[in-house]
Amino acid sequence: MKQIEMFPMIVDQKHIDDYLWYQKTLKQYQKHKKNSLRSHASFKNQYMTFLSWQDDPDYQHCQLELQKEIRDVKDRIITNENVYDRIEDGIDRCKEKLQQYNQYFSSLYEF
């Protein structure tokens, strides 16, 4: 898309490139957020399944392995939550920058 199609006034191309970059990055963050939420649900499901097996007599012979799996999935849940928080921060920063650019571009039209 040409600059003139997007903005009737000529604007510094770097500002336009930055604006488009933030839009693209926001979409990527939103995609990562969906994946993170899916992973979190899967980890929680695994965790609940492993916990239910703790009292099952069929798993008494492998309790050490089961406890290791429980610890591992808990670690994955925590890691996933930390990644999710960083994704949310990235989304917030992109939205903030896009809002700043929107204000900047709209101020160009004020007479």
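Note that OH of Tyr22 is 9.5 Å distant from CD of Glu96, once rounded to the nearest 0.5 Å. The distance from the CZ atom of Arg93 to the CG atom of Leu98 is 12.5 Å, given to the nearest 0.5 Å. The distance from atom NZ of Lys44 to atom CG of Asn80, rounded to the nearest 0.5 Å, is 10.5 Å. We find the OG1-CD1 distance between Thr25 and Ile91 to be 11.5 Å, quoted to the nearest 0.5 Å. Rounding to the nearest 0.5 Å places CG of Leu37 at 8.0 Å from NE2 of His40. To the nearest 0.5 Å, atom CZ of residue Phe50 and atom CD of residue Glu65 are 9.0 Å apart.
Using a 4.5 Å heavy-atom cutoff, the side chains of Gln67 and Leu64 are not in contact. The shortest side-chain heavy-atom distance between Lys24 and Gln28 falls under the 4.5 Å cut-off. No side-chain heavy atom of Arg76 sits less than 4.5 Å from a side-chain heavy atom of Thr79.
Within the 3.5 Å criterion, the main-chain N or O of His32 finds no donor-acceptor partner in the side chain of Ser36.
Taking the centre of each ring, Tyr104 and His15 come in below the 6.0 Å mark.
The only option from Lys31, Arg38, Lys33 that meets the side chain to side chain donor-acceptor pair (under 3.5 Å) definition with Asn35 turns out to be Arg38.
Tyr47 approaches Ile70 most closely through the heavy-atom pair CE1-CG2, 3.8 Å.
The aromatic rings of Tyr101 and Tyr19 lie perpendicular to each other, with more than 60° between the two planes, well past the 30° mark.
Under the 4.5 Å side-chain contact rule for hydrophobic residues, Tyr84 and Leu26 do not share a cluster. No chain of hydrophobic side-chain contacts below 4.5 Å, direct or via other Ile, Leu, Val, Met, Phe, Trp or Tyr residues, connects Ile78 to Val73.
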**Request:** For salt bridge (Lys or Arg N to Asp or Glu O under 4.0 Å), just list the numbers for Arg71 and Asp75, CA-CA rounded to whole Å, side-chain angles, deciding distance to a tenth of an Å, and then say yes or no.
**Result:** CA-CA 6 Å; Arg71 280 191 310 275; Asp75 289 343; over 6 Å; no
